[in-house]
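Model, not experiment: these values are computed from the prediction.
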Number of protein chains: 2
Amino acid sequence: MPRTIAERADVLPVLGELFRRHGYEGASLAVIAKATGLGKGSLYNFFPGGKEEMAAAVLTNVEEWFETNLFTPLFAVTDRVGAVAAVAAMVTAVDTYFRSGRRMCLVGVFALGDVRDPFADRIQGYFQRWIDGLAHALARCGHDPADARGIAEEVVAGIQGALVTARATDDPALFTRVLDRLRRRCGVPE
Amino acid sequence: MPRTIAERADVLPVLGELFRRHGYEGASLAVIAKATGLGKGSLYNFFPGGKEEMAAAVLTNVEEWFETNLFTPLFAVTDRVGAVAAVAAMVTAVDTYFRSGRRMCLVGVFALGDVRDPFADRIQGYFQRWIDGLAHALARCGHDPADARGIAEEVVAGIQGALVTARATDDPALFTRVLDRLRRRCGVPE
DNA sequence: CCCAGATTGTACCGTTCGGTCAACTTTGGA
DNA sequence: TCCAAAGTTGACCGAACGGTACAATCTGGG
């Protein structure tokens, strides 16, 4: 059997950055072909379903990363010390993942575009699971359970909004500043 | 001179809702023609510059509304009582304007799409002026000036994020809940 | 009533879109 | 070494894009 020059997994990060930067509609196949260095034929070899399968694959990639690095740890906490550490780790991971405000949230971008419709359930699940996981951890941090959910909604929404606002004002540092305030809102020091 | 059947001002709200719902790229001329009930000829009679002029006109409309109803009142405050009232009025106006989370922020949608480039300065100005005005009013509310700016960034970003998250989770009530928390963050009761 | 001119619907333009396909290149086992 | 299979390419397709041209229609002052 012939060996694959480029793996499907190799183009996923490139696709992700293109969708982040240009949105789903804005990332045309011509742009994708140029950025990946692959012809349209190769792209359809990797993604027979076309552009929508590319978006689905990238979305799966993002979901897995968040599930592994953020959601699962948040849900796994049992004691107060572990919960505080998990929330602190989440904030650090978020800052790293979004490159301190220089990277956009792919799920958020999809949520605002016309491509939302075919992925509505997955987009909803991403945010819901983030809020649920954070609310669970915050409750273990000692917050009143009802208030924990409110804080979780405020923090997840705040992260999204900080990304949008940082991009809109071309001021990535705004993301870091807001994220720092949200971290303190969770009662997590440092 | 002949009378205009439809005024240019009449189609602006329709254009606004289309851009909000579908984004700039997603709102094709065919969709716009159908939604407004106007042919392409009429649209180009109103907006000789085409789709980009439509977006620019809608953007101007939004800017003016926010300038009149939000930014100017925020900047105008001098005493503490007035400042608290202005911030409270802002929160109320925001909830009304965004239909309690059922309406998207047009500037935020533009900020994330490919159309951001030609409007980058206006998008930046919109958010910057909102943050500046709110920071000014919050300082008059009694907050430490440096902290007032931090709160303002957190609140404006939080509003944006709450809109995105509410749409993503198809849960408009989330917007109202987060907005209520942000209001209390400003130290404004009721 | 009438007509200059503003407004309108629509056929049409070139371009670009996502997607297809047959020819060509590369691959690894026989 | 050779070949069947897998991978790759770029020309090509119909559809839809934004935009233009223009003939038909409506308007209101004279």
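Between the C1' atom of D:dG18 and the CG atom of B:Leu29 lies a distance of 5 Å, rounded to the nearest Å. Here C:dC13 presents its C1' atom at 10 Å from NZ of B:Lys40, a figure rounded to the nearest Å. The nearest whole Å value for the distance from the CG atom in A:Asp114 to the P atom in D:dC17 is 11 Å. One atom, CE of A:Met54, and another, P of C:dC17, lie 13 Å apart when rounded to the nearest Å. Protein atom CD of B:Glu52 is 8 Å distant from nucleotide atom P of D:dG19, rounded to whole Å. B:Ile32 has its CD1 atom 7 Å from the P atom of D:dG18, to the nearest Å. Straight-line distance from the CG atom of B:Leu43 to the C1' atom of C:dG9: 11 Å, rounded to whole Å. In this structure, the CD atom of A:Glu53 is 10 Å from the P atom of C:dG19, given to the nearest Å.
Annotation: cation-pi pair B:Arg103/B:Tyr97 present, NZ/CZ under 6.0 Å from the ring centroid and within 45° of its normal.
Between B:Arg8 and B:Ala57 the shortest heavy-atom distance is NH2-CB, 3.4 Å.
If you check D:dC17, C:dC17, C:dG19 against the side chain of B:Ala30, the one that comes closest is D:dC17. Comparing C:dA11, C:dG18, D:dT8 by their nearest atom to the side chain of A:Asn45 picks out D:dT8. Closest to the side chain of A:Ser42, out of D:dG19, C:dG19, D:dT9, is D:dT9. Looking at the side chain of B:Phe46, the nearest of the listed nucleotides D:dT8, D:dA11, C:dT8 is C:dT8. Out of C:dG9, D:dG18, C:dG18, the shortest distance to the side chain of A:Tyr44 is found at C:dG18.
In this model, the phosphate group of D:dC17 is approached by a side-chain N or O of B:Ser28 to a distance below 4.0 Å at OP1 or OP2. Phosphate proximity of D:dG18 to B:Lys51: present, with a side-chain N or O under 4.0 Å from OP1 or OP2.
Within 4.0 Å of B:Gly41, counting heavy atoms only, lies at least one base atom of the nucleic acid. As judged by a 4.0 angstrom heavy-atom cut-off over every strand, A:Gly39 is placed among residues touching the sugar-phosphate backbone only.
Linking Ile, Leu, Val, Met, Phe, Trp and Tyr residues whenever their side-chain heavy atoms come within less than 4.5 Å leaves A:Val81 and A:Val84 in two separate clusters.
Between A:Asp114 and B:Arg21 there is no salt bridge, since no side-chain N of the basic residue sits under 4.0 Å from a carboxylate O of the acidic one. Ion pairing between a basic and an acidic side chain is recognised when a charged N comes within 4.0 Å of a carboxylate O; A:Arg129 and A:Glu63 show no such pairing.
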